[in-house]
2 protein chains.
Amino acid sequence: MGTTQLETVQEPKYWHLKTVLSEALDSDFAVGEILPNERELAARFGVARATLRQALEQLELEGRLHRRRGVGTTVAPPRVGVAVSTGRHDWTGGEADEAWQSVDCESAPAPAAIAATLNVGGEEPLHIVRRIRLSHGQVVAAELLYVPSSSVPELSGIDAPSGAARARNVVRELHRLGLDGQDRSVELGSARADDAKELDRLPGAPVLVVTTRYLAAGGTAAVSVATYRADTCRLTFGDSGDLEISHSAEERVAS
Amino acid sequence: MGTTQLETVQEPKYWHLKTVLSEALDSDFAVGEILPNERELAARFGVARATLRQALEQLELEGRLHRRRGVGTTVAPPRVGVAVSTGRHDWTGGEADEAWQSVDCESAPAPAAIAATLNVGGEEPLHIVRRIRLSHGQVVAAELLYVPSSSVPELSGIDAPSGAARARNVVRELHRLGLDGQDRSVELGSARADDAKELDRLPGAPVLVVTTRYLAAGGTAAVSVATYRADTCRLTFGDSGDLEISHSAEERVAS
DNA sequence: TAGTGGTCTAGACCACAGT
DNA sequence: CTGTGGTCTAGACCACTAG
């Protein structure tokens, strides 16, 4: 079986395939357009389905494709810019269209790594607030916000011990605290089952994990771990305006 | 072939495998220790090698494993924190142990997306400086810095048209310009062949692409596209000190 | 129900690192 | 050379979506 014979066969098939597909996406397809199914594409390019899938996975990782079981593979729109740090110090991470939405709250001990950062005992229960972040009507991030009881002393014990209302109360009390600064880190991860569900992705989907330490009154007042969809999001950290660089050619929009 | 019989087989095998392996890594292995080879691991867990590899890929994506062809699979050390934004405005992105190193420079037209951001014609050649970033003696990032000629007018025409010396000169001239601010974005990508080579990874390896727009004299003075190894790096954006949260349990070091 | 992508298998051969 | 991970094949079945 000659791999289309002569010339540069030192490049993996799936890599070459990815390049070919990528160029085809730029020139022959519009955003939202649906591609032929995997079995047909594999046959068309003369490769096994697994090989074709390897190329598609790469393109999905780069945010060029969107694959949904039972539906098909579509051309993804350019990634949306999501402001993570605006220079201002606030607890929302954005506003208006770009806001966080409190979903739930429970009292439980934090994971060891979080507890250490917060300087609390590993057994001591604290408020764990779950929030999601919407952008353009889509969920782009799921977050767990760890708040020691000592950071929100005014919180009434009469509140419900959990639920969205409680979550909003915790965040509100946190606002009162003021904010001296924040440290952030970004790393690649894979979505846990619960986060994947919120993000409408399969478990293990690639995510950008943003860990933020909120500083107030000379200490760490809270820690948040936010997981952003890596396929659809471009995180922005602006001193000023937005950064608009598209890594692909111009896009057309499907009618 | 019963999948170890009764109970929860609604979870993909590779996902369950990943969990089991992850726990084993925490409890039974030291950093740097070498794992049994894939064929043996697959046999040990009673799955096909492809399935085992799916689990290993996830763990590598999370920075828990390091796989090298011809060598084996080893337990990776915790990700290194790399300061991307220190609050200060400089052209190095860090200092001392964490510095950039100019490698090469050429004159060529920029990609369309970059040219648009810089407000230069798509045909007009500009300085393209290649730099690499070292941390703890390892290459953690490869960068292309796009500098319009108008940003470095003093640059002597007598300079060599390319090479490391020329690269250093461009950066030095850039320093003179001062810096009003910078916009950044972070997104997931896969390494191009040239970047992969610098990073000692295979093409397509997951990378964090940091795009920075340098603002000076009321305009965009330069744009840089830096690709960081996603497997080994945690990008930090600090208002102040460092953020030290380990997502895995305590580590032991192999003797 | 029909069609899609997701998972899994049991092989095979290749490229590379170390000896 | 041997052993490792990387690529590739040609099937099979499953879970999900939509008509």
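Note: hydrogens, waters and symmetry copies are ignored here, and every other heavy atom, side chains too, is used.
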Side-chain-base donor-acceptor pair under 3.5 Å for A:Arg68 and C:dG6: no

Residue met sooner reading DNA chain D from 5', once A:Ala50 and B:Gly70 are mapped to nucleotides: B:Gly70

From C:dG6, C:dT9, D:dT9, nucleotide with atom closest to B:Val47 side chain: C:dT9

Per B:Gln54 side chain, nearest of listed nucleotides D:dC8, C:dT4, C:dT7: C:dT7

Main-chain N/O of B:Ala196 paired to B:Arg229 side chain as donor or acceptor, under 3.5 Å: no

Rounded distance (Å) that lies between atom C1' of D:dG3 and atom CZ of B:Arg39: 8 Å

Each stem that DNA chain D is part of, given as range with range (3 or more consecutive Watson-Crick or G-U pairs, under 3.5 Å): C:1-18 with D:1-18

Single hit among B:Arg64, B:Arg201, B:Arg67 for side chain to side chain donor-acceptor pair (under 3.5 Å) with B:Asp231: B:Arg201

Length of the CG-C1' vector between A:Leu52 and D:dT7, whole Å: 15 Å

Check: A:Arg69 side chain, C:dG3 base, donor-acceptor under 3.5 Å: no

Neighbour count above 12 (heavy atom, 6.0 Å) for A:Asp200 CG: no

Qualifying residue, where the test is side-chain contact (heavy atoms from CB on, under 4.5 Å) with B:Ser102 and the options are B:Arg166, B:Arg131, B:Arg130, B:Glu143: B:Arg131

